[in-house]
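Here the structure comes first, spelled out in structure tokens, and everything after it is commentary.
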Protein chains: 2
Amino acid sequence: MGRWEADAGGRLQYAAMSLYFERGYDAVTVAEIAERAGLTKRTFFRHYADKREVLFAGAPAFQAGVVAAVAAAPVDQAPVDTVIAALAETGGAQLAQYGEWARARRDLVESSADLRERALIKSADLAAAVAAALRERGVAPGQATLTAHAAVTAFTVGYDRWADGNGVGDLPTAVRETLADLRTALTPG
Amino acid sequence: MGRWEADAGGRLQYAAMSLYFERGYDAVTVAEIAERAGLTKRTFFRHYADKREVLFAGAPAFQAGVVAAVAAAPVDQAPVDTVIAALAETGGAQLAQYGEWARARRDLVESSADLRERALIKSADLAAAVAAALRERGVAPGQATLTAHAAVTAFTVGYDRWADGNGVGDLPTAVRETLADLRTALTPG
DNA sequence: GACGTGATGTCACCCGGTGACATGGGCACC
DNA sequence: GGTGCCCATGTCACCGGGTGACATCACGTC
């Protein structure tokens, strides 16, 4: 490897993020991203399926990590606790390092309907993968779906709260507290 | 009213649904939809913001109905029960009538990533509106967000279960049962 | 040193979506 | 019963995202 300038995908990602932050998502064109990375529009689309996907490059690795953690967890706890632990720890390992970047990225995603949609489907896909992993462990299908959705909701809201604080504090702790709040919200009156 | 052929929006919606069902979402072009409705592409975009939106024309009314039901509910119950009742009853009134159509529509949405994204953001917007309505009633902000998300999840999953059965059975009942399952899923082990 | 391979470039194209401006039928108002 | 306004629609030109087909070119291999 290394015939052309190395790490074309990484350069494209960096160029895209920089331009999105500078000008806003809508005002940036794929041709401009490619140009800044020293490549062409066509090559951009060989590395990223579309203009949105470049902001979610880490999602597959995160999902794989969570699924692996669920599969490897001991079986002596409630499924929802297994999933929350997997999300909190994988998140702490792969996401928390970005610290204050998290908030800027979150604000960017929130600024565009297209990006919000893409973020939502990433969460939905994550929930579906987690549900499948739970079924693999013998959890009833219906319970697996609901458990996965609830845990991912707790994670997403907890991550948001953590990002709101510019990444100070512990991400896993924020997630676990959010799950506790979710349980409170569902307690019958 | 009635200068040109009446109900351009409705004709466009009917033409779009027909073509989507006939050929699949991706294989249909906006120009074709407009042509079948006896209009032009430009007019389509005056009635619907984009090619996806035509499938979610009822969403604003549904959201408004749910928000109104939440606002009008008695205050002597847990917030999550208020929201579930609002979702179940508004859903029963506005959605359940479609019966077997529901499944076909659901399958269509599921067949396209673009449509799945759009469906997800509609749910997210609904949850945000419900959360706002809860805060209006004095529910703490954090609890409002989580309550709304949980209730919308229960509604969505319950609706899916109901649609899987081709719309037989009672939608509100399916939703309430799903909430009960969600509570079970979150019970600490 | 011919050859295959794989990442990139080039080019032409389709389609979703929009801005600007023209058209023409109904309606109010005189 | 004209006159003029309003507004839904049509027309046209354009931009940008996304793709298919084919060329190119550096590198490793035999």
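The figures here come from the full heavy-atom set of this structure, side chains too, leaving out hydrogens, waters and symmetry mates. We name chains A, B, ... by the order of the sequence lines, and we start the count at 1 in each one.
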Near B:Phe62 CZ, under 6.0 Å, is it more than 12 heavy atoms from other residues, nucleotides or ligands?
-> yes
Keeping the roles fixed (side chain from A:Lys51, backbone from A:Val28), state whether a donor-acceptor pair exists under 3.5 Å.
-> yes
To the nearest angstrom, the CD-C1' distance between A:Glu35 and C:dG9 comes to 15 Å
Residues touching DNA chain D, which here means a heavy atom under 4.0 Å, drawn from residues 26-34 of chain A = A:Val28, A:Thr29, A:Val30
Is there a side-chain contact between A:Val54 and A:Ile33, using heavy atoms and a 4.5 Å cut-off?
-> no
When the distance from CG of B:Leu12 to C1' of D:dT9 is rounded to whole Å, what number comes out?
-> 11 Å
What do you reckon, is CD of A:Gln143 surrounded by more than 12 foreign heavy atoms closer than 6.0 Å?
-> yes
Pairing of A:Arg52 and A:Glu117 as salt bridge, 4.0 angstrom limit = no
Can you sort out which residues in residues 37-56 of chain B have a heavy atom within less than 4.0 Å of DNA chain D? Ascending by number, please.
-> B:Gly38, B:Leu39, B:Thr40, B:Arg42, B:Thr43, B:Arg46, B:His47
Could you tell me whether a side-chain N or O of A:Arg137 sits under 3.5 Å from a main-chain N or O of A:Val70, the two making a donor and an acceptor?
-> yes
Within-4.5 Å side-chain heavy-atom neighbours: B:Asp181 and B:Arg161 = yes
Got a sec, which residues hit ring-ring contact (aromatic ring centres under 6.0 Å, His included) with B:Phe21, two or more places apart in sequence or on another chain?
-> B:Trp101
